[in-house]
There are 2 protein chains.
Amino acid sequence: MPAQNRPPSSGRSLEHPDRAEIRLEGVLHAFSDPMRLQIVRDLAAVEGELNCSVFDLPVSKSTTTHHFRVLRENGVVRQVYRGTAKMNALRRDDLESLFPGLLGTVLEAAGRQASRLAVPS
Amino acid sequence: MPAQNRPPSSGRSLEHPDRAEIRLEGVLHAFSDPMRLQIVRDLAAVEGELNCSVFDLPVSKSTTTHHFRVLRENGVVRQVYRGTAKMNALRRDDLESLFPGLLGTVLEAAGRQASRLAVPS
DNA sequence: CGGTTCGTACGATACTCATCGTAGTACGAG
DNA sequence: CTCGTACTACGATGAGTATCGTACGAACCG
């Protein structure tokens, strides 16, 4: 039985805020941690969803779980179990509809700052 | 001696980060508190600078001072003493140069959310 | 079944932060 | 010089959070 024909989530379910429950302050707070901003940038760099474990963060597994939960509870990412893996995807549509352009400008700002700091010059 | 002929700041000086020292995470963190977001919105609504005391925040004066300091230390506002008053102005140029469009999208997002929450419909 | 991998839950710790009240300083007006 | 206004500094407090290690659970592979 091919994996892609099974139900996407095999049991465990995660709490996600509705679109209407997402708060700007919460989203900004989620973005304001370097670790989480990095996660969001990585997630934005690909189109689909990413396994939790592809992120190479300089913190322990527990801490990584914590940061993903903050992102989820503030409506930034959607998480779903797929076998033993937990897939993560940005909630692009919800964010764009609530706060047009915000994700884009933040990502661009993060990119600019990364370039700026990378070149001591 | 007319007040407007004296130097703008009469002695006390405040610490401000250079443009190059402003960090995106810090700016986002400064924005992520409802009280501070309100201050930024009020400040953006006028062109010039605003006295601290025109803000009618539902917190004590000590707390207000604290929030203004966070905004200043993260490079969001420029503060200067003018007599007994402390004037506040957004650092529009610095923010725009570092993170183009960010201030605008955040302000628009805040406006949208305010309208959305005001109408329970 | 047993083992492996991936992620969670829980408890602990140390740090940050939003808030307050009180006391103090700087400035301008009288 | 004295008073009032505007804001700060300091200390306290309660809540949140970033971090960890260890122990557990759920799914897959033999």
Side-chain angles (χ1 to χ4, degrees), chain A residues 1-16 23 25-26 28-39 49-74 76-88, chain B residues 1-16 23 25-26 28-39 49-74 76-88:
Chain A
M1 180 181 185
Q4 54 270 31
N5 288 342
R6 264 176 287 132
S9 172
S10 6
R12 287 171 289 177
S13 66
L14 282 323
E15 285 283 319
H16 288 83
R23 291 290 173 274
E25 301 89 322
L28 293 177
H29 173 244
F31 285 166
S32 73
D33 181 277
M35 221 66 78
R36 290 193 291 262
L37 192 53
Q38 186 57 53
I39 293 176
E49 18 181 53
L50 280 184
N51 188 315
C52 266
S53 50
V54 309
F55 297 92
D56 191 23
L57 301 174
V59 293
S60 74
K61 272 196 312 178
S62 330
T63 306
T64 302
T65 297
H66 161 71
H67 285 307
F68 273 106
R69 175 165 38 195
V70 172
L71 288 170
R72 171 167 49 84
E73 289 177 346
N74 285 293
V76 177
V77 305
R78 176 89 59 187
Q79 297 186 294
V80 61
Y81 284 105
R82 214 180 295 287
T84 62
K86 188 162 73 169
M87 307 305 289
N88 302 272
Chain B
M1 181 182 189
Q4 55 271 31
N5 288 343
R6 265 176 287 133
S9 171
S10 5
R12 285 171 291 177
S13 66
L14 282 322
E15 285 284 319
H16 288 83
R23 291 289 172 276
E25 301 90 324
L28 293 177
H29 172 244
F31 286 165
S32 73
D33 181 277
M35 221 64 78
R36 289 194 291 262
L37 193 52
Q38 186 57 53
I39 293 176
E49 17 180 54
L50 280 182
N51 188 317
C52 266
S53 52
V54 309
F55 296 90
D56 192 22
L57 300 174
V59 293
S60 74
K61 270 202 308 178
S62 329
T63 306
T64 303
T65 296
H66 161 71
H67 285 308
F68 273 106
R69 176 166 38 195
V70 173
L71 288 171
R72 171 168 49 84
E73 289 177 345
N74 285 294
V76 177
V77 305
R78 175 91 57 189
Q79 297 187 295
V80 61
Y81 284 106
R82 214 179 293 289
T84 63
K86 188 162 71 171
M87 307 304 289
N88 302 273

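To find a chain, count down the sequence lines: A is the first, B the second, and so on, and within it residues start at 1. Every heavy atom of this structure was used, including side-chain atoms; hydrogens, water molecules and symmetry mates were not. Everything numeric here is computed off the predicted structure, so don't read it as measured data.
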> Between Arg69(A) and Glu15(A), does a side chain to side chain contact (heavy atoms under 4.5 Å, CB included) hold up when you go through it step by step?
Replying inline: CA-CA 9 Å; Arg69(A) 175 165 38 195; Glu15(A) 285 283 319; over 6 Å; no
>> Taking the nucleotide of DNA chain D with the nearest heavy atom to each, does Met35(A) or Thr84(B) sit closer to the 5' end?
In response: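 The residue mapped nearer the 5' terminus is Thr84(B).
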In whole Å, what is the span from the [atom1] atom of [X] to the [atom2] atom of [N]?
| X | N | atom1 | atom2 | answer |
| --- | --- | --- | --- | --- |
| His66(B) | dA15(D) | NE2 | P | 17 Å |
| Leu50(A) | dC6(C) | CG | P | 15 Å |
| Leu14(B) | dC7(D) | CG | P | 12 Å |
| Leu57(B) | dA18(C) | CG | C1' | 13 Å |
| Glu25(A) | dA18(C) | CD | P | 13 Å |
| His29(A) | dA18(C) | NE2 | P | 9 Å |
| Leu71(B) | dC17(C) | CG | P | 13 Å |
| Glu73(A) | dG16(D) | CD | C1' | 13 Å |

Starting the side chain at C-beta, find the nucleotide from [options] nearest to [X].
| X | options | answer |
| --- | --- | --- |
| Arg36(A) | dG7(C), dA18(C), dA18(D) | dA18(D) |
| Val70(B) | dC20(C), dT19(D), dA18(C) | dA18(C) |
| Thr65(B) | dC7(D), dG7(C), dT19(D) | dC7(D) |
| Lys61(B) | dC20(C), dC7(D), dC6(C) | dC7(D) |

> Does Arg69(A) put a side-chain nitrogen or oxygen below 4.0 Å from OP1 or OP2 of dT17(D)?
Replying inline: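 Indeed not, no polar side-chain atom of Arg69(A) lies that close.
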>> On the nucleotide dG28(C), are OP1 or OP2 found under 4.0 Å from the side-chain N or O atoms that Arg82(B) carries?
In response: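 For dG28(C), OP1/OP2 do not have a side-chain N/O of Arg82(B) under 4.0 Å.
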What's the separation between atom [atom1] in [X] and atom [atom2] in [Y], rounded to the nearest 0.5 Å?
| X | Y | atom1 | atom2 | result |
| --- | --- | --- | --- | --- |
| Phe55(A) | Thr64(A) | CZ | OG1 | 10.0 Å |
| His67(B) | Leu71(B) | NE2 | CG | 8.5 Å |
| Arg36(A) | Leu28(B) | CZ | CG | 11.0 Å |
| Leu14(B) | Phe68(B) | CG | CZ | 12.0 Å |

> Donor-acceptor pair, Asn88(A) side chain versus Gln79(A) backbone, under 3.5 Å?
Replying inline: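 Side chain of Asn88(A) to backbone of Gln79(A): no pair is present.
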> For Asp33(B), which residues count as a side-chain hydrogen bond (donor to acceptor under 3.5 Å, both in side chains) partner, sequence neighbours excluded?
Replying inline: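 Asp33(B): no side-chain hydrogen bond (donor to acceptor under 3.5 Å, both in side chains) contacts found.
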Please list, pair by pair, any protein nitrogen or oxygen found under 3.5 Å from a nitrogen or oxygen in nucleotides 21-24 of chain C.
from    : atom 1 : to       : atom 2 : distance (Å)
dG21(C) : N7     : Ser62(B) : OG     : 3.1
dG21(C) : O6     : Ser62(B) : OG     : 3.0

